[in-house]
Participant: 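Input: one structure, supplied below.
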Amino acid sequence: MALLNFKKRDTGAAQTVNPQVEAFLQDYSIEVMPRTAEKVENFRDLLPAGTRVYIAHIEGTPIEDMVATAKRLNAEGFPVMPHFPARIIKDEATLADWIARYRGEADVKQALMLAGGVAKPHGDFHSSMQLLETGLFDKAGFTSLHVAGHPEGNKDIDPDGSTKNVFEALQWKQKFSERTDAKMALATQFAFEAKPIIQWANGLKAAGIDLPIHIGIAGPAKLQTLIKFAIACGVGPSLKVLQKRAMDVSKLLLPYEPTDVVAELAAYKAENPDFNITNVHFFPLGGIKTNATWAINNGGASAKPVNS
C-alpha cells in the first residue's frame with residue numbers, strides 16, 4: 001500500500017464508502033483555532049452531531065478569544081476541548097482563572113493538557129503533569145482529560161532522540177488516570193505511516209499503558225503546507241518522507257489526502273477490535289471545510305453533518 005495518497009480530485013460520481021473506514025471514523029474529532037473557526041459560518045454544515053472540537057491555544061492568543069470560540073462551538077452543539085499548554089501558563093492562579101472562565105462562560109468540561117511548543121516556560125509550569133497535579137481540573141468537575149502522545153517521539157522531551165522521558169511521563173499519566181474521576185486518553189501528534197503507528201500503540205499496551213489513543217491524522221493539504229507544519233511540530237520520520245516526495249515535481253503540486261493511512265489503520269482495527277486506537281483526531285492543515293469534506297466523502301454515516 002502506498003505511504004501517501006496523491007491524486008487528482010474526483011469530480012465524478014459519489015465515492016463508495018469503505019465500511020472499515022466508516023467504522024473507524026465514528027466519533028472522530030477535529031482541531032481549530034479561534035482565527036480558523038471565524039472562517040466557518042456554521043459548523044453544523046460540516047460536522048456530525050456531537051463531534052468533539054479541540055481548540056488549539058497558540059502562544060499570544062488571548063484567553064478571551066479562546067473562551068469566545070469555546071462558547072460559540074458549545075452553543076452550536078459541539079463538545080469543546082481547549083488546549084492547556086503548560087509553558088504559556090504563568091502560574092496556578094492563571095490556570096485557575098482559565099478554568100473558571102471556560103466553565104462559567106462556555107460550560108467546558110474537557111481539556112487537553114500538553115507542555116506546549118515554546119522553548120522557555122512563561123512561569124511555573126513546564127509539563128502537563130504539573131497541570132494535572134494541581135487538582136484544579138478535578139475540583140472544577142472536568143469529565144475528560146486528554147494528554148499528548150507522540151508516535152514518533154518528541155525531541156522537546158527527549159533531545160537525544162530516544163523515548164525514555166516520554167515513556168516515563170506516559171507511565172505517570174497512566175497511574176494518574178487510575179486516581180482521577182475524569183476519563184483520560186492520549187491525543188497524538190499527526191503521522192503519515194500506519195505501520196509505525198500500529199507498532200507504537202501496541203508497544204504502549206504491552207508496557208501496561210492502556211489509555212485509549214485518539215490518533216492524529218493530517219487532513220487534506222498541499223504538500224508544501226504539510227512540510228511546513230511537520231517542521232514546526234517536530235515530526236521526524238514523516239518529514240523525511242514528505243521531503244522525498246517534494247523532490248518529485250510531478251507530485252509537488254498534487255494534494256495529499258489521508259486515505260491510505262486511515263484505510264490501513266481501519267483495516268487493522270477491524271481485524272483487532274481491542275486495538276487501543278479508538279478514535280481519529282484530525283488536524284485540518286488544509287482547512288476545516290476541506291477536511292470535513294474529505295470525511296464526508298469517505299466516512300459515510302460516521303461523518304454525516306448535522307445539517308444534511
Participant: Could you grab the distance from atom CD1 of Ile30 to atom CD1 of Ile55, nearest 0.5 Å is fine?
Facilitator: 12.5 Å
Participant: Are Val262 and Trp294 close enough that some pair of their side-chain heavy atoms sits under 4.5 Å apart?
Facilitator: yes
Participant: Please answer whether the main-chain N or O of Ala37 pairs with a side-chain N or O of Arg72 as donor and acceptor at a distance below 3.5 Å.
Facilitator: yes
Participant: Measuring from Lys183:NZ to Leu211:CG, what's the distance to the nearest 0.5 Å?
Facilitator: 13.5 Å
Participant: For the pair Gln26 (side chain) and Ser302 (backbone), establish whether a donor and an acceptor sit closer than 3.5 Å, ignoring hydrogens and angles.
Facilitator: no
Participant: For residues Ile88 and Phe125, determine if any side-chain heavy atom of one lies less than 4.5 Å from a side-chain heavy atom of the other.
Facilitator: no
Participant: Does the side chain of Pro82 come within less than 4.5 Å of His57's, by heavy atoms?
Facilitator: no
Participant: So that I know where these two stand, are Tyr28 and His281 an aromatic pair - ring centroids less than 6.0 Å apart?
Facilitator: no
Participant: To the nearest 0.5 Å, what is the distance between CD1 (Ile217) and OG1 (Thr259)?
Facilitator: 11.0 Å
Participant: Count the heavy atoms belonging to other residues, nucleotides or ligands that lie under 6.0 Å from CD of Glu178, then report whether that count exceeds 12.
Facilitator: yes
Participant: Could you check Met113 against Leu145 for side chain to side chain contact (heavy atoms under 4.5 Å, CB included), going step by step and ending with a plain yes or no?
Facilitator: CA-CA 7 Å; Met113 254 72 64; Leu145 298 174; 3.6 Å; yes
Participant: Hey, mind stepping through Arg103 and Lys109 against side chain to side chain contact (heavy atoms under 4.5 Å, CB included) and telling me if it holds?
Facilitator: CA-CA 7 Å; Arg103 289 290 289 118; Lys109 301 176 183 177; 3.6 Å; yes
Participant: Decide yes or no on side chain to side chain contact (heavy atoms under 4.5 Å, CB included) for Leu47 and Val53, but give the supporting numbers first.
Facilitator: CA-CA 10 Å; Leu47 303 179; Val53 181; 4.0 Å; yes
Participant: Taking the side chain as everything from C-beta on, heavy atoms only, tell me whether Phe137 gets closer than 4.5 Å to Thr180.
Facilitator: no
Participant: What heavy-atom pair brings Val17 and Gly299 nearest, and what distance separates the two atoms?
Facilitator: CG1-C, 4.2 Å
Participant: Has the side chain of Arg44 got a donor or acceptor atom that lies under 3.5 Å from a matching backbone atom of Glu76?
Facilitator: yes
Participant: Please find out if less than 6.0 Å separates the ring center of Tyr102 from that of Trp98.
Facilitator: no
Participant: So, does Asn272 use its side chain to make a donor-acceptor pair with the main chain of Tyr268 at under 3.5 Å?
Facilitator: yes
Participant: Nearest heavy-atom pair of Ala218 and Tyr256: which atoms, and what distance?
Facilitator: O-CE2, 3.5 Å
Participant: According to a 4.5 Å side-chain heavy-atom criterion applied to Ile, Leu, Val, Met, Phe, Trp and Tyr, with indirect links allowed, do Met129 and Leu186 form part of one hydrophobic cluster?
Facilitator: yes
Participant: Less than 4.5 Å apart, any side-chain heavy atom of Leu170 and any of Leu204?
Facilitator: yes
Participant: Indicate yes or no for a side-chain donor-acceptor contact from Asn298 to the backbone of Val21 under 3.5 Å, with no hydrogens or angles considered.
Facilitator: no
Participant: Mark yes or no for whether Gln174, through its side chain, and Asp210, through its backbone, hold a donor-acceptor pair below 3.5 Å.
Facilitator: yes
Participant: Do you know which two heavy atoms are closest between Val261 and Ala194, and how far apart they sit?
Facilitator: CG2-N, 3.8 Å
Participant: Is there a chain of hydrophobic side chains (I, L, V, M, F, W, Y, each step under 4.5 Å between heavy atoms) that links Val147 to Met81?
Facilitator: no
Participant: Under 6.0 Å from the NZ atom of Lys173, do we count more than 12 heavy atoms belonging to anything else shown?
Facilitator: yes
Participant: Are any of the side-chain heavy atoms of Ile277 and Phe24 separated by less than 4.5 Å?
Facilitator: yes
Participant: Can you tell if the side chain of Pro121 reaches within under 4.5 Å of the side chain of Ile89, non-hydrogen atoms only?
Facilitator: no
Participant: Judged by atom type as modelled, is there a donor-acceptor pair below 3.5 Å linking the side chain of Thr51 to the main-chain atoms of Pro48?
Facilitator: yes
Participant: Starting at NZ of Lys90, measure out to CG of Asp97 and round the result to the nearest 0.5 Å.
Facilitator: 12.5 Å
Participant: In the structure I gave you, are the side-chain heavy atoms of Asn202 and Phe275 within less than 4.5 Å of one another anywhere?
Facilitator: yes
Participant: Check whether more than 12 heavy atoms from other residues, nucleotides or ligands sit under 6.0 Å from atom CZ of Arg35, and answer yes or no.
Facilitator: no
Participant: To the nearest 0.5 Å, tell me how far Met66 CE sits from Lys71 NZ.
Facilitator: 16.0 Å
Participant: Apply the test side chain to side chain contact (heavy atoms under 4.5 Å, CB included) to residues Tyr54 and Ser29: give CA-CA distance (whole Å), side-chain angles for both, the deciding distance (0.1 Å), then the verdict.
Facilitator: CA-CA 7 Å; Tyr54 292 66; Ser29 59; 3.3 Å; yes
Participant: Hey, can you tell me if Phe190 and Phe283 have their rings parallel, tilted or perpendicular (30° and 60° cut-offs)?
Facilitator: perpendicular
Participant: If hydrophobic clusters are built by linking Ile, Leu, Val, Met, Phe, Trp and Tyr wherever their side-chain heavy atoms come under 4.5 Å apart, do Val118 and Ile58 end up in the same one?
Facilitator: no
Participant: How far apart are the closest heavy atoms of Ile296 and Ala303, and which atoms are they?
Facilitator: CG1-O, 3.4 Å
Participant: Spell out, as yes or no, whether a donor-acceptor pair under 3.5 Å connects the side chain of Glu22 to the backbone of Ala301.
Facilitator: yes
Participant: Provide the closest heavy-atom pair for Asp138 versus Asp181 in the form atom of the first, atom of the second, distance.
Facilitator: OD1-N, 3.9 Å
Participant: Determine the minimum heavy-atom distance between Val80 and Val108, stating which atoms define it.
Facilitator: O-CG1, 3.9 Å
Participant: Would Lys289 and Asp45 pass as an ion pair if we require N to O under 4.0 Å?
Facilitator: no
Participant: In this structure, would Val40 and Phe282 fall into the same cluster of hydrophobic residues linked by side-chain contacts under 4.5 Å?
Facilitator: yes
Participant: Is Arg87 paired with Glu59 through a side-chain N to carboxylate O contact shorter than 4.0 Å?
Facilitator: no
Participant: Could you state whether Ile99 and Met184 fall into the same hydrophobic cluster, counting links through intermediate Ile, Leu, Val, Met, Phe, Trp or Tyr residues with side-chain heavy atoms under 4.5 angstrom apart?
Facilitator: yes
Participant: Quick one: do Asp274 and Lys205 satisfy salt bridge (Lys or Arg N to Asp or Glu O under 4.0 Å)? Show the steps, please.
Facilitator: CA-CA 10 Å; Asp274 61 344; Lys205 191 170 185 178; 3.7 Å; yes
Participant: State the NE2-CZ distance between His146 and Phe84, to the nearest 0.5 angstrom.
Facilitator: 13.5 Å
